[in-house]
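Since the structure is predicted, the reported quantities are computational estimates derived from the model, not experimental observations. Quick note: residue numbers are just sequence positions, from 1. Values below: every heavy atom of this structure, side chains too, minus hydrogens, waters and symmetry copies.
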Amino acid sequence: MTLELTGEQLKITESRLKRHFPRSLQAYGYVVLLNRSDGVRADPIKVLVDRWPDFSVIVFKPVCEQKGDLFKDTVVYATDEAILEETIRKTPVIDWSRYLCFGVNLRHLDIFKAVATEKRLPSQKRSVCHMMMLEDVSNLPSIDSSGISLSSLDESHIGVVNQTWKFAESDGSVRMIRNMLASYPSCCVLDADAKPVAWILTYMSCAMGMLYTLPEHRQKGYAKILISAMAKRLHAQGSPVYCFIEEENVVSYKLFKNMGFTEDPSYRAAWFSVNEL
């Protein structure tokens, strides 16, 4: 039995998820944005729980309108593995017939892999990430950004962001980035010609990401300026300040750690795809 949450239930869910920080950060980020936007968003999403009000599993299920919607993750947060297994195996909450990319606690990955194997579905682990959180913006180091022109990205910048994103693929990533720029905060450093040379975006879960500086503009401190500016903006909006960093990305991990971000060393986030085209 699953229930879709709306309205006041989502507001109650926000406060309940906060009790499970930092592991519930991604789920919390989704709910925060839904509550702040009255449920309206560029990427429609359903929030489902195993029961109410004492839920053990919460699923953020994207509404996939096109066959190529490869970048709409199904994010699952659970506090009970037995109920999680029952939810994904025996309820219709997961449509195993279509392409899926799950965002889950790495500890729960074997459950998803087992169900996919039982259903004889091709699957693969896509990435494992540190989840880093800035608990207090006052922990940010003092950064001199005088003389730096900061702005938000707009639709004219979709191409350059897509070209430099590690996971970019054809039209799907273009649609995703367009929605991100239209709906969620972004920040960039502009050169003398008002063209972006470094930028950072936020995902639909409030997480900061896609931090990038063009090679010819590196070693100028732009990444630190962008992280600081975005962290302060998110905090001022009442959003959580956090990010995901792939385990092999040592440079970014050190950068965010030096910026005051911390992590729960016992937690890793994982992305796992099924029926990949």
Quick one: do L34 and V76 end up in the same hydrophobic cluster if we chain Ile, Leu, Val, Met, Phe, Trp and Tyr together by side-chain heavy atoms under 4.5 Å apart? no
Are L84 and F102 linked, directly or through intermediate hydrophobic residues, by side-chain heavy-atom contacts shorter than 4.5 Å (ILVMFWY only)? yes
How many angstroms lie between atom SG of C187 and atom CZ of R233, to the nearest 0.5 angstrom? 7.5 Å
Side-chain heavy atoms nearer than 4.5 Å, only ILVMFWY residues, links allowed to pass through others: does that put I88 and L3 together? no
Is there a donor-acceptor contact under 3.5 Å from the side chain of D191 to the main chain of A194? yes
Just to verify, which of E263, E248, E247 counts as forming a side chain to side chain donor-acceptor pair (under 3.5 Å) with Y253? E263
Before we go on, tell me: are the rings of F244 and H130 under 6.0 Å apart, centre to centre? no
From Q9 atom CD to R16 atom CZ, the distance as rounded to the nearest 0.5 Å: 10.5 Å
Taking it one step at a time, do I94 and L100 satisfy side-chain contact (heavy atoms from CB on, under 4.5 Å)? CA-CA 9 Å; I94 304 297; L100 295 164; 3.6 Å; yes
Donor-acceptor under 3.5 Å (S239 side chain, H235 main chain): no
I need the minimum non-hydrogen distance between S138 and D136, along with the two atoms involved. OG-OD1, 2.8 Å
If Ile, Leu, Val, Met, Phe, Trp and Tyr residues are connected whenever their side-chain heavy atoms lie under 4.5 Å apart, and connections chain through other members, are F60 and V32 in the same group? yes
Quick one: are K61 and E4 in side-chain contact, heavy atoms under 4.5 Å? no
Looking only at heavy atoms, which two atoms of G260 and L134 are closest? And how far apart? O-CD1, 3.4 Å
Test item: Y30 and I45 side chains (from C-beta on) under 4.5 Å apart, heavy atoms: yes
Walk me through whether T74 and V59 qualify under side-chain contact (heavy atoms from CB on, under 4.5 Å). CA-CA 7 Å; T74 298; V59 178; 3.9 Å; yes
More than 12 heavy atoms of other groups within 6.0 Å of E216 CD: yes
A side-chain contact here means heavy atoms from C-beta on lying under 4.5 Å apart; do M132 and I245 qualify? yes
T6 side, atom OG1; E8 side, atom CD - distance, nearest 0.5 Å: 10.0 Å
So does P185 get a backbone contact from the side chain of T202, meaning a donor-acceptor N/O pair under 3.5 Å? yes
For K220, I'd like to know if atom NZ has over 12 heavy atoms of other residues, nucleotides or ligands within 6.0 Å. yes
Considering non-hydrogen atoms only, spot the tightest contact between Y203 and M210 and give its length. OH-CG, 3.6 Å
Is any side-chain heavy atom of C243 closer than 4.5 Å to one of M131? no
Could you check, using the six-membered ring where one of them is a Trp, whether Y28 and F21 have ring centers closer than 6.0 angstrom? yes
Is NZ or CZ of R218 both nearer than 6.0 Å to the six-membered ring centre of Y212 and within 45° of the ring axis? yes
Do NZ/NE/NH1/NH2 and the carboxylate oxygens of E118 and R89 come within less than 4.0 Å? yes
Taking N35 for its side chain and L10 for its backbone only, find out whether a donor-acceptor pair lies under 3.5 Å. yes
Rounding to 0.5 Å, atoms CH2 (W199) and CG (L190) come to a distance of 11.0 Å
Roughly how far, to the nearest 0.5 Å, is CZ of F112 from OG1 of T117? 13.0 Å
Could you tell me whether H157 atom NE2 has more than 12 heavy atoms of other residues or ligands within 6.0 Å of it? yes
Can you check whether N249's main-chain N or O pairs, donor with acceptor, with S252's side chain at less than 3.5 Å? no
Can you check side-chain contact (heavy atoms from CB on, under 4.5 Å) on R23 and R107, steps first, answer last? CA-CA 11 Å; R23 297 188 175 199; R107 292 173 57 184; 2.8 Å; yes
Within the structure provided, determine whether L226 and L211 are in side-chain contact (heavy-atom separation under 4.5 Å). yes
Sub-3.5 Å donor-acceptor pair from the side chain of S123 to the main-chain atoms of K113, do we have one? no
Please tell me if the side chains of Y242 and L234 come closer than 4.5 Å, counting only heavy atoms from C-beta onward. no
Side chains of V104 and L109: closer than 4.5 Å at any heavy-atom pair? yes
R51 to I83 - nearest heavy-atom pair and separation: NH1-CD1, 3.4 Å
With a 3.5 Å distance limit and no angle check, can you tell me whether R178 reaches the backbone of L181 through a side-chain donor-acceptor pair? no
Between E246 and R268, does any NZ, NE, NH1 or NH2 come within less than 4.0 Å of an OD or OE carboxylate oxygen? no
Can you name the closest pair of heavy atoms from T213 and H217 and give their distance? CG2-O, 3.5 Å
Quick one: do I148 and Y222 satisfy side-chain contact (heavy atoms from CB on, under 4.5 Å)? Show the steps, please. CA-CA 9 Å; I148 303 297; Y222 290 164; 3.7 Å; yes
Measure the OG1-CG distance between T164 and N162 for me, rounded to the nearest 0.5 Å. 8.0 Å
Are the side chain of D193 and the backbone N or O of K195 linked by a donor-acceptor pair below 3.5 Å? no
If you compare all heavy atoms of A269 against all heavy atoms of W271, which two are closest, and at what distance to 0.1 Å? CB-CZ3, 3.7 Å
Donor-acceptor contact present, side-chain S24 to main-chain L17, <3.5 Å: yes
Counting only N and O atoms by type, is there a donor-acceptor contact under 3.5 Å from the side chain of S228 to the main-chain atoms of K224? no
Within the structure provided, determine whether D80 and V57 are in side-chain contact (heavy-atom separation under 4.5 Å). no
Can you see whether W96 has R120 sitting over its ring - NZ or CZ less than 6.0 Å from the centre and within 45° of the normal? no
Do the side chains of V93 and Y77 join up, straight or via other hydrophobic residues, at under 4.5 Å, putting them in one cluster? no
